[in-house]
**Student:** 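Supplied in structure tokens, the structure appears directly below.
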Amino acid sequence: STNDPKIKLKSKNEFKSSYGSKYSLELEMNPEKSLEFFVDFYAKDDNEDEYNEGELSDVHCGRIKVIFNIKTVCSDWSTITSVIPKEKFIGWGHKGITKNCYHYCLEQLRVVGHWVKTERWNKKWDGTKELNDDIYQIYLESDVAGMQKGAQKNQFLKGIEYLKKALKNNKPVMVGVDDDITIINDDMTTEHFVVIVGMGKDSNGKFFTFYDNAINNPKIGASSKNKLYCDCKNFKLEGIGDLSNSYIRGTLNKKYRVSQIRETK
């Protein structure tokens, strides 16, 4: 009942049958979204025999409804409050830490008993670029390490699943973001780092909450308004954060788009 090139009938579309007989119908589907459609059956008897004169054709005799649901990483979404208490927020200017977002994020993980699995983006030591196994690169502004610029679909799907799993296990996660502040890391995209601490959903969609360690005020840096919304259709994870966050407001994008997700050990 639908004309869709991604739905094919692999079985023969005409077959001999009789009352009480069984027929196996095989469909091949590769849709990009959930869908519903019908398979209709028509009968004909164009052979004369002792019971009829062969006068029947195209009699609608049956219909099967097919429901195909696609489960995405956005399908099952929990509400998880911050896995790091606000009183343990590490803000800009914290004593004994090198003054950059990367080291503040590492310290944010350390104070709750965690660290990143790898501190290096590049797997190679000879300068050849190759993404480390413990990092999900979900977005690129340039072609890097065999990956073309733009959203990285497979990495995005794996990365979002990892974030959900980590938070359920009470693990915060350090992520890199693109904000066009022109500080370039090995992936030629990431310019800032934040820490994912929770997740939830509201009228705007499904989101992850984050701590922004570039702010020294915990009311802003650890604000519950710091949200990165998950766009499963376009493979994006981005948000504007708390409107009081002067660091975000000072960037060209005035928002964060997650570029990489680093696994926590």
Side-chain angles (χ1 to χ4, degrees), residues 80-122 132 134-139 159 162-163 166-200 207-229 237-265:
I80 299 176
T81 56
S82 179
V83 297
I84 300 179
K86 282 191 176 182
E87 57 268 24
K88 291 192 175 183
F89 171 73
I90 300 297
W92 192 267
H94 189 82
K95 292 182 179 180
I97 306 300
T98 303
K99 285 189 175 182
N100 63 58
C101 57
Y102 176 80
H103 287 94
Y104 283 125
C105 285
L106 287 178
E107 179 65 9
Q108 183 67 86
L109 295 180
R110 190 198 67 78
V111 296
V112 290
H114 294 290
W115 200 257
V116 289
K117 284 187 177 179
T118 179
E119 295 180 36
R120 286 173 48 84
W121 182 92
N122 201 6
N132 238 308
D134 300 316
I135 297 176
Y136 304 96
Q137 189 73 43
I138 70 173
Y139 173 68
Y162 173 75
L163 284 177
L167 291 172
K168 286 180 180 178
N169 289 315
N170 208 41
K171 290 182 179 181
V173 180
M174 178 177 170
V175 302
V177 299
D178 168 43
D179 59 15
D180 273 352
I181 204 72
T182 68
I183 299 174
I184 304 298
N185 286 284
D186 283 340
D187 62 1
M188 304 302 292
T189 303
T190 297
E191 290 127 355
H192 186 49
F193 291 93
V194 298
V195 177
I196 301 290
V197 296
M199 61 187 292
F207 61 82
F208 292 101
T209 54
F210 66 93
Y211 280 2
D212 193 343
N213 307 105
I215 301 297
N216 60 8
N217 185 346
K219 291 183 179 180
I220 301 173
S223 171
S224 59
K225 296 178 182 178
N226 289 334
K227 299 175 180 179
L228 298 165
Y229 286 90
L237 182 59
E238 63 181 11
I240 61 174
D242 192 306
L243 293 178
S244 300
N245 190 324
S246 59
Y247 187 88
I248 299 177
R249 302 285 83 73
T251 65
L252 290 176
N253 286 348
K254 292 181 171 49
K255 65 179 179 181
Y256 291 158
R257 177 168 181 172
V258 175
S259 50
Q260 58 174 261
I261 298 168
R262 299 196 173 204
E263 289 196 7
T264 304
K265 70 176 179 180

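Everything numeric here is computed off the predicted structure, so don't read it as measured data.
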**Student:** Can you pull out every ring-ring contact (aromatic ring centres under 6.0 Å, His included) where at least one residue sits in residues 166-194? Sequence neighbours excluded, please.
**Tutor:**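 Listed once each, the pairs are Tyr102-Phe193, His192-Tyr247, His192-Tyr256.
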**Student:** Who passes salt bridge (Lys or Arg N to Asp or Glu O under 4.0 Å) against Lys171, sequence neighbours left out?
**Tutor:**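 Lys171 satisfies salt bridge (Lys or Arg N to Asp or Glu O under 4.0 Å) with no residue once adjacent residues are dropped.
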**Student:** Could you pull out all residues at least two apart from Asn100 that satisfy side chain to side chain donor-acceptor pair (under 3.5 Å)?
**Tutor:**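 Side chain to side chain donor-acceptor pair (under 3.5 Å) check on Asn100 returns His103.
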**Student:** Will you find, in the side chains of Asn245 and Asp212, an N or O donor that is under 3.5 Å from an N or O acceptor?
**Tutor:**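 A pair is found: one side chain offers a donor N or O, the other an acceptor, under 3.5 Å apart.
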**Student:** Without placing hydrogens or testing angles, list every side-chain donor-acceptor pair under 3.5 Å for residues 82-95, not counting sequence neighbours.
**Tutor:**
unit_1	atom_1	unit_2	atom_2	d
Ser82	OG	Ile84	N	3.2
Ser82	OG	Ile84	O	2.6
Ser82	OG	Tyr211	OH	3.1

**Student:** Under the salt bridge (Lys or Arg N to Asp or Glu O under 4.0 Å) rule, collect the residues that match up with Lys117, sequence neighbours excluded.
**Tutor:**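 In terms of salt bridge (Lys or Arg N to Asp or Glu O under 4.0 Å), with neighbours along the sequence ignored, Lys117 is linked to Glu263.
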**Student:** Identify, with sequence neighbours excluded, every residue that meets side-chain contact (heavy atoms from CB on, under 4.5 Å) alongside Lys254.
**Tutor:**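 Lys254: no side-chain contact (heavy atoms from CB on, under 4.5 Å) contacts found.
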**Student:** With sequence neighbours excluded, what pairs up with Thr118 under the side-chain contact (heavy atoms from CB on, under 4.5 Å) test?
**Tutor:**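 For Thr118 the side-chain contact (heavy atoms from CB on, under 4.5 Å) partners, ignoring immediate neighbours, are Arg120, Asn132, Asp134, Ile135.
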**Student:** Would you mind telling me which of Val177, Ile240, Leu228 makes a side chain to side chain contact (heavy atoms under 4.5 Å, CB included) with Lys255?
**Tutor:**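 Only one option passes, and that is Ile240.
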**Student:** Thr81: what forms a side chain to side chain donor-acceptor pair (under 3.5 Å) with it, not counting sequence neighbours?
**Tutor:**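 Not a single residue meets the side chain to side chain donor-acceptor pair (under 3.5 Å) criterion with Thr81.
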**Student:** List in chain and number order the residues that pass side chain to side chain donor-acceptor pair (under 3.5 Å) with Asp186, two or more places apart in sequence or in another chain; answer none if no residue qualifies.
**Tutor:**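 For Asp186 there are no side chain to side chain donor-acceptor pair (under 3.5 Å) partners, ignoring immediate neighbours.
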**Student:** Who are the side-chain contact (heavy atoms from CB on, under 4.5 Å) partners of Arg110, not counting sequence neighbours?
**Tutor:**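 Partners of Arg110 under the side-chain contact (heavy atoms from CB on, under 4.5 Å) test: Glu107, Trp115.
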**Student:** Going by atom types alone, do Asp179 and Thr251 pair a side-chain donor with an acceptor below 3.5 Å?
**Tutor:**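 Their side chains do not contain a donor-acceptor pair, so the 3.5 Å distance test is not met.
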**Student:** Can you sort out the partners of Glu191 under salt bridge (Lys or Arg N to Asp or Glu O under 4.0 Å), two or more places apart, ordered by chain and number?
**Tutor:**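 Partners of Glu191 by the salt bridge (Lys or Arg N to Asp or Glu O under 4.0 Å) criterion come out as none, since no residue qualifies.
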**Student:** For Thr189, check side-chain contact (heavy atoms from CB on, under 4.5 Å) against everything at least two apart and list the hits.
**Tutor:**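 Per chain and number, Thr189 pairs via side-chain contact (heavy atoms from CB on, under 4.5 Å) with Tyr139, Leu140, Glu141, Asp178, Asp187, Ser259.
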**Student:** Apply side-chain contact (heavy atoms from CB on, under 4.5 Å) to the pair Phe210 and Ile196, showing each step before the final yes or no.
**Tutor:** CA-CA 4 Å; Phe210 66 93; Ile196 301 290; 4.2 Å; yes
